[in-house]
Enquirer: 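Pasting in a structure now, in structure tokens, and then I'll have a few things to ask.
Throughout, protein chains are lettered first and strands after them, A, B, ... in sequence-line order, and every chain is numbered starting at 1.
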Amino acid sequence: MTSIAKPPVRHPGLERNELGLTRRDYEGAMSTLCAGCGHDSVTAALVQACFELSVVPHRVAKLSGIGCSSKTTAYFLKQAHGFNAVHGRMPAVATGVSAANRQLQIVGISGDGDSLSIGLGQLSHAIRRNVSMLYVLENNGVYGLTKGQFSASADVGSKAKRGESNRQKPIDPVLLALTLGATFVARSFSGDKAQLVPILKAGMKHRGFALIDVISPCVTFNDHEGSTKSYLSTRERMQEVAPVDFIPLTHEIRAAYDPGAALTVPMHDGSLVRFRKLAEDYDPTDRDRAYAHVKEHQSRGEVVTGLLYLEDDAEDMHALNRTVSAPLYDQPYESLCPGAAALEELMREFE
Amino acid sequence: MTSIAKPPVRHPGLERNELGLTRRDYEGAMSTLCAGCGHDSVTAALVQACFELSVVPHRVAKLSGIGCSSKTTAYFLKQAHGFNAVHGRMPAVATGVSAANRQLQIVGISGDGDSLSIGLGQLSHAIRRNVSMLYVLENNGVYGLTKGQFSASADVGSKAKRGESNRQKPIDPVLLALTLGATFVARSFSGDKAQLVPILKAGMKHRGFALIDVISPCVTFNDHEGSTKSYLSTRERMQEVAPVDFIPLTHEIRAAYDPGAALTVPMHDGSLVRFRKLAEDYDPTDRDRAYAHVKEHQSRGEVVTGLLYLEDDAEDMHALNRTVSAPLYDQPYESLCPGAAALEELMREFE
Amino acid sequence: MRGPRIDRLFPESASPDPSGNGRVHADDGSRVNDFAFKVGTVNGTGSASANSLLLQSIFRMGIPVSGKNVFPSNIQGLPTWYEIRVNGAGYTARTPDFDLVVAMNPATYARDVAEVRSGGWLLYDSSWPLDAALHRDDVIFIGVPLGKMCIEAFAGSRERTLMKNIAYAGALAALLGIDLQVIGDRIRAEFAKKPKLIDSNFTALHLGYDYAREHYACPLPIRLEPMDATRGHVLLDGNTAAALGCVYAGATVGAWYPITPATSLMDAFIRFCGRYRVDPETGERRYCIVQAEDELAAAGVVIGAGWAGARAFTPTAGPGISLMGEFIGLAYYTEIPAVFFDVQRTGPSTGMPTRTQQGDLMSIAYASHGDTKHVALFPCDPAECFHMAVQAFDLAERFQTPVFVVSDLDIGMNDWMVPKLEWDDSYRPNRGEVVTAEQLEAMQRFSRYLDVDGDGVAARSLPGVHPNGAYFTRGSGHDMHAAYTEDADAYTEVVDRLVRKLETAARAVPAPELRLREGAEAGIIALGGTHRAVLEAVDRLAAEGIPLDYLRIRGFPFDAPVADFLRRHERTFVVEQNRDGQLRALLMLETGIGGDRLLSIRDYGGVPLSARRVMDGVHAELAEVAA
Amino acid sequence: MRGPRIDRLFPESASPDPSGNGRVHADDGSRVNDFAFKVGTVNGTGSASANSLLLQSIFRMGIPVSGKNVFPSNIQGLPTWYEIRVNGAGYTARTPDFDLVVAMNPATYARDVAEVRSGGWLLYDSSWPLDAALHRDDVIFIGVPLGKMCIEAFAGSRERTLMKNIAYAGALAALLGIDLQVIGDRIRAEFAKKPKLIDSNFTALHLGYDYAREHYACPLPIRLEPMDATRGHVLLDGNTAAALGCVYAGATVGAWYPITPATSLMDAFIRFCGRYRVDPETGERRYCIVQAEDELAAAGVVIGAGWAGARAFTPTAGPGISLMGEFIGLAYYTEIPAVFFDVQRTGPSTGMPTRTQQGDLMSIAYASHGDTKHVALFPCDPAECFHMAVQAFDLAERFQTPVFVVSDLDIGMNDWMVPKLEWDDSYRPNRGEVVTAEQLEAMQRFSRYLDVDGDGVAARSLPGVHPNGAYFTRGSGHDMHAAYTEDADAYTEVVDRLVRKLETAARAVPAPELRLREGAEAGIIALGGTHRAVLEAVDRLAAEGIPLDYLRIRGFPFDAPVADFLRRHERTFVVEQNRDGQLRALLMLETGIGGDRLLSIRDYGGVPLSARRVMDGVHAELAEVAA
Ligand SMILES: Cc1ncc(C[n+]2csc(CCOP(=O)(O)OP(=O)(O)O)c2C)c(N)n1
Ligand SMILES: Cc1ncc(C[n+]2csc(CCOP(=O)(O)OP(=O)(O)O)c2C)c(N)n1
Ligand code: SF4
Ligand code: SF4
Ligand SMILES: [Mg+2]
Ligand SMILES: [Mg+2]
């Protein structure tokens, strides 16, 4: 089936959001990914999340590395600047973008190869700096674009299409992020839009680095029987810690007093993240418990999903750096240049 | 004080080991590090460990990256090949050395800058491959050789010599290694030779990747008041999980039946690691408990030391690859080349 | 220093043909065994197997043929083309002139129609009416209801899509006169393990074949006739050949990070090792492959393995070369053997990963900061990929330095007609100067970087062999004894020797291949995958009365014959596939010749070079010179 | 295109002096204000402050002077030297001829004694008997019991070690005639905040000073006399000056990974930002510094920030340049402004991190795989580091491409006498073609890579400004509208424009500086930190009757004047500090000139170039030509 024949991301009707925009206004170029690729569902969820949040399209900067997953950035928000950087190096570029213009909403898209192999160092240090951005890791356990080699997230025993099975331990981005001090850590599934959309919304509103590991099956190279990253095996093994709702600032009052909610976490901008119910004594604000919980279920072959850890009051890169609130890229030159007199004075120290 | 005036690594007498070698035979070039640098104590411990293990000097390959710490490789085992690779890239080089000659005893030395910043990706993937080698991370919280910038292991609030204090969360190599599935994880202190030496010995005998994070103060740039990596603060905050003994194969029988020991773990070659006593219900064979234990004490500002996790029956890189036991570098050519007839036959498939 | 020699790898069938074009005109005025056609489809729909079925069948009819795959950088759903050139005279370079086009992809229909040469043929799927706007009076449209027929004949959309490809192959068989028997054998061989697929393939084949015969005069005036020009040859891609070279050279450590178009090299190496290097009883492997986390690590693994004495290599493409820069400099300065395959793709940056180019020449020659120079080999076809892979390991160990085998996407991933690969069992690896335990035992002091015989090469010791061999390897300043130094003279002594070493290496790399022409005044120089196009152009130009002496460079650094050639010719055309004339730049730098004597012919759009492009370039330059 | 111009940055005091050597001979036959001495000590013992005390005091006496720090790549305990040259005529290039050596380090004692010129002086610590074996009859030994005196005068080993340095400074003050008043002022200024240190420093100073005067005839025949030749000048290092340039250019984002000798550039930038860019009330910072995890990341941060519209830069050295290769290619092809400072050190690989070289020229000019070319500026001293830093940001934004300021360890870390830096408050950054929200609002379609006026530059839009400005930036193949493409023509259109863009840039980079000489037949070319040595050599050669026209290159790509200069001279000497003649290579490549006309003079042992070395090179080459 050719991409030409493929319709753009599907969506119901032409409903309008607070900005009077329709979902179509949040779409991008036509996908050139394989029909059925999990990544296209993530794209759809991103479109939905941006639409519901009434994001101003051109205030977003979309960045990615290289890979099928990294192509996602081209398939949503056509009115936003996009940047396909080099393989595995998007975190550094995003850090620079944030440094130059902290008012941009930064959305980073990556893959498991892009993030956990060549890009592991950069991802880890972007987490450490707590750069304010949404980081979506479209995780399919393989290098799709180079035709199906195992990636570092492939589980032990997972079978490749050609039959051989992976024997190296996987790198779990969720456990890694928790260990490195990430302030927003979630795992979801491209096949579960209901769960994914609110998490994406919360992630975009988070101040700091929001990592969302999205299991996003590769139908061409890793969706067969024996693969642990297939649609089937993911559905079977998923264990959600809690369904969450994201309640934007504007709706705050109404939502704040929801008796039914198990836990409601306020975000720095006044909006709320509400955990409708929680798995047995789970606490998404306790890093170590979250870590232990994920490991425990992993040992049972289960995949814990949901918004696993949230710490919204930590300092992000700019808070740590004490950067002025106005974007650096358009500070008036006069406020940056000390001028001739200052230089004259400074020179005395070198006479 | 010039290095010329500085005596080589100190050691008592001229006692001889099973190979009839003295400690001096395990020494290397004279150190050019600052007087009092923690790294020189690590060197002394390495000399001691190799001496006690009766390591055959020239069967060892010493590798490191770049940094004051990475210079350590030059200061012990002058009869062994040494390799100062490029900054942060020693793990890959060591992986290649192991691939070519699995019979070499590989000792890798690195620093916190070398391992946790520029080298984080390579360290992580060497761990994942479980390359059989001892990996000593001489951790001083700064970049010594470039004159004292904070490294990624600097604790929040730790003060630099110039006064400013670090605000970014540290990357803890121990927690990282546990998360990435490392099979031998320890933390020690350059100032505690009694603890360090047996751990180094066990690490050298470990089949797989043995990470030892050694807090090794930088007297010139990070040993002042307010630094959390100073001699003083480390001594104050150290909490040992258990004193360990390494009992080589040869002594096995005598040692095996030690009633006093809290736990005795056999290594693949028959030698034993004995934990003399253990901190409250600590189990060095339980990865998740080890992780939790370290975190818990960290929250109290304590630094857990000792051999924290040991898994000696995991497959190392060569087991995973099913490599022949004889070193690849000197396989007889005949056993590698299929020959003219095979090519003739193969060509038919392309006719 | 040896003089240039005529290389034996090139099919005799392609040796200059007087007519200059090798066309065979049959009595009926039709063009036999000399035409080109291409198929436009959508990737991921299974057309690849149909296309190679066509290519191989023609080859088995004994007719020189080549196939060029022009594919997109995605996995499924985008336009892709396959070009086949048939040439009885043995000219198998790409040609941009298509006598027939099969237009299977509505998305590229207009473009495909436009690409048919005037008077040529267009084969299309007539299941649905044809857009009148796209009609051309000067082209003969051949409609075959491929889709309809397959829908009737097969169940399931996947099978229908797949079989449509076999159906157009059947139609082409009828139109071009491909031996049905030969195709049949190929199909049977192909699906030996899946018999039921054989039937559906045959059904599809005949759908197209029969329909074409019933509705059109078959064969067309462009047609095939069996020959005997492919005997002793094979259809082989360069990455497979290079991988075989690594196996035969005795390489045991392969490190890589997947990247198009180099990936299939390691795929093949893994396949061959599985076949030839696994102990049948124990299942133990006489090789170790490390899929590294990135190219920096891959280079590090290769360097570590080379230092420890194994033959190690890594296949990569341009981006990998850039990332390996620091490590390449380390290997150069510490003098560690390492073999790098650069299967070039179109740059700069990510560029066009599925298009070809020769854009990494400069990056490789002087890779890494500081003063460096590296050995490089330039295979012109898959056969040379095999032989040069073996040479690369010998050179790397003899000169203890990085060696680059510089291939490209066209050589690496397309099937080329080359002489059957042969092996001489008397070959033994040249490990270079490596001191043994015995020699070390006898030594007072081993000085790692001491050159005794003046060739610039110092003997090395391997770790684990003998205590006297121990030395410290460092990328920082070192003297001839491998001791750390910051002394100007001690430092200079070592880096000056490296210059001598590379001079020696220049005399050891494969000699350039020289083809002199009666009465030639000007020369022409090329390297790598452009060879067949240049060779064809040189023949045709000679036939036009423009004889040129042709020098094909096969190794770097250049040896004296290259400078001699340039000096002997007032003007020399330099043909290459990059924008900036990188080969021309290397010639200027290394021989000191002035740029005014080097006329540049460049083609860098990403498709394999054609003879026509070269001829146009020569004509244009000559016109300029004349004016 | 502008013609070359005489650059005003060079101290007038150094304008050619007829005698060709600027020596001043006093009546008493002593050499005044024209000599060189060096101090050999151990690093980490505090000698640095004593040495700069000497340097600054001489400078404040109004005498042109320079100091070269020759230090080891470790932190403490290894030999280190500090060389000071005094020259009334203003020649401040390094000289290898030492009239006096202070030997404070037993480990290098022999070597230090050997380095005194015949008839010169050796100052040593006579606290302990001197090894007779090291005696030289042609050298005058001056013993001062520095150690003993300090042990008696001070308590605590640290203070004793430190004060020994001030003591030898005191002795030198007496021997060379340094104004005690001036030194005293320096000490008071230095320790204004630590008064008690002032006393001990004075004590130590007088220990040396008084002892020397009592035991030796002071001053020596090599001595100082106050002048007025440093007015309007400062003693400044290049990294500090470059950092100031970044501040004045309005750079707001600095990313880096520490590396010698570039570290002090970012240290200075951080210091100046703390001083000039922090809001006194809120403490908010008008800058953001990212200490990256490695050089790849540092480059990525700079590119991201440049893409988003900030002026961003990263300082690094050779190894960093190699690691940034892939990112540099991305910035070139996606056309993103980025400024890189390469403070060169001795390569290849890790090389000698504390030694200087000009070894990265080729690596920078064509950095990254595929066809690329980059803009580079070559400051010749700290003053130009300041001005060229500012120019670099303007060029990077005008041409939307990486710009390299190519400095070296000698310029970057040593104190040079340069004209006081001045600033013109009318300067405004040239942001290049950036479309505004208003312009975008009015546009039908914004095509990111469309060049309207033929200069090769296309207007860019910044993220967050206007929906019409949105486009997709990619390192993969793209057309003029920034759309993904694998089409040969669309791809070619863009990369060909990049060639035009760099041609325009060649005319915008700083023009070469030309110094013509009456009757000169041959030319001489150099760039960067070798300028003062070449200038001195050219003067002396002229005095010898060998006039040379001198062209100092200041920017890359080269503009027409460079080719003209080469064409106008039958022979041109190319002076540079690398092994392979990289500047010579660039000249050949970019101008097409033959190598036979470019005579190479190279010096690459890691120490700053001296005029003598240049003159020797010229003499040798001329002898060759003659023969
Ligand atoms: C430096 C470099 N090395 C290798 C490649 C080839 N390459 C492109 S994408 C990719 C891996 C993609 O895997 P992942 O990030 O998981 O994305 P996916 O395709 O699976 O969605 C590789 C190795 C490249 N583009 N650049
Ligand atoms: C590619 C590269 N970048 C930067 C440097 C400069 N450099 C040398 S050592 C070092 C950091 C060393 O820190 P660490 O590993 O902690 O070792 P330490 O000196 O603290 O023992 C740096 C940044 C280098 N040598 N190579
Ligand atoms: S190959 Fe896999 S990951 Fe890539 S587009 Fe196809 S399905 Fe998606
Ligand atoms: S600087 Fe610090 S780390 Fe380096 S040698 Fe000195 S004390 Fe050790
Ligand atoms: Mg993937
Ligand atoms: Mg450190």
Enquirer: Of all of B/P91, B/S335, B/S325, which one pairs up most often with chain C through heavy atoms under 4.5 Å apart?
Expert: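 The option with the most such pairs is B/S335.
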
Enquirer: Between C/R60 and chain B, which part of the residue has a heavy atom less than 4.5 Å away: side chain, backbone, both or neither?
Expert: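 For C/R60, side-chain heavy atoms alone lie under 4.5 Å from chain B.
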
Enquirer: Give, as side chain, backbone, both or neither, the part of B/Q105 having an atom under 4.5 angstrom from any heavy atom of chain C.
Expert: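 For B/Q105, neither part sits under 4.5 Å from chain C.
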
Enquirer: At a heavy-atom distance under 4.5 Å, which candidate from B/L346, B/L63, B/N101 has the highest pair count against chain C?
Expert: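 It is B/L346.
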
Enquirer: Please find out if less than 6.0 Å separates the ring center of C/H478 from that of C/Y333.
Expert: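 That pair passes the under 6.0 Å test.
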
Enquirer: Which bit of B/A94 comes within less than 4.5 Å of chain C, counting heavy atoms only: side chain, backbone, both or neither?
Expert: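 No part of it gets close to chain C.
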
Enquirer: Tell me, side chain or backbone of B/Y333 under 4.5 Å from chain C's heavy atoms, or both, or neither?
Expert: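 Side chain only.
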
Enquirer: Less than 4.5 Å to any heavy atom of chain B: does that hold for the side chain of C/A292, its backbone, both, or neither?
Expert: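 Contact with chain B: backbone and side chain both.
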
Enquirer: Is chain C contacted by the side chain of B/A80, its backbone, both, or neither, given a heavy-atom distance below 4.5 Å?
Expert: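 For B/A80, the contact with chain C is made by the backbone alone.
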
Enquirer: Side chain from CB out, backbone as N, CA, C, O: work out which of these in C/F386 comes under 4.5 Å of a heavy atom of chain B, or both, or neither.
Expert: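 It is the side chain, since no backbone atom gets that close.
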
Enquirer: Between B/C34 and B/D40, what is the shortest heavy-atom contact and its length?
Expert: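 Reported closest heavy-atom pair: O-OD2, 4.0 Å.
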
Enquirer: Is C/V278 close to chain B through its backbone or its side chain, or both, or neither, when contacts mean heavy atoms under 4.5 Å?
Expert: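 The answer is neither part of C/V278.
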
Enquirer: Can the positive tip of C/R311 be found less than 6.0 Å from the middle of the six-membered ring of C/F393, inside 45° of the ring normal?
Expert: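 Here C/R311 fails the 6.0 Å and 45° test against C/F393.
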
Enquirer: So which part of C/F272 gets closer than 4.5 Å to some heavy atom of chain B, the side chain, the backbone, both or neither?
Expert: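 Looking at C/F272, just its side chain touches chain B.
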
Enquirer: Cation-pi check, B/K62 to B/F83: give yes when NZ or CZ is under 6.0 Å from the six-membered ring centre and within 45° of the ring axis, no otherwise.
Expert: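 Judged by the rule, B/K62 and B/F83 form no cation-pi pair.
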
Enquirer: Kindly say whether the aromatic ring centers of B/F76 and B/Y26 come within a distance under 6.0 Å.
Expert: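 That pair fails the under 6.0 Å test.
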
Enquirer: What do you reckon, is CD of C/E422 surrounded by more than 12 foreign heavy atoms closer than 6.0 Å?
Expert: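 No, because the 6.0 Å sphere around CD of C/E422 holds 12 heavy atoms or fewer from other groups.
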
Enquirer: What part of C/L244 lies closer than 4.5 angstrom to a heavy atom of chain B: side chain, backbone, both or neither?
Expert: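 Just its side chain gets close to chain B.
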
Enquirer: Below 4.5 Å from any heavy atom of chain B, which atoms of C/R275 appear? Answer side chain, backbone, both or neither.
Expert: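 For C/R275, the contact with chain B is made by the side chain alone.
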
Enquirer: Counting only non-hydrogen atoms closer than 4.5 Å, does C/I336 touch chain B with its backbone (N, CA, C, O), its side chain (CB onward), both, or neither?
Expert: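 Interface part for C/I336: side chain.
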
Enquirer: Out of C/L421, C/L330, C/V247, C/V253, which one racks up the most heavy-atom pairs below 4.5 Å with chain B?
Expert: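 Greatest number of close heavy-atom pairs with chain B: C/L421.
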
Enquirer: Taking the six-membered ring for Trp, are the ring centroids of C/Y471 and B/H81 within less than 6.0 Å of each other?
Expert: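 For C/Y471 and B/H81, the ring centres are under 6.0 Å apart.
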
Enquirer: Counting neighbours of CD on B/E345 that are heavy atoms of other residues, nucleotides or ligands and sit closer than 6.0 Å, is the number greater than 12?
Expert: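 Result for CD/B/E345: open.
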
Enquirer: For chain B, find which of C/P463, C/G469, C/C288 contributes the most heavy-atom pairs closer than 4.5 angstrom.
Expert: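 The candidate making the most pairs under 4.5 Å is C/P463.
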
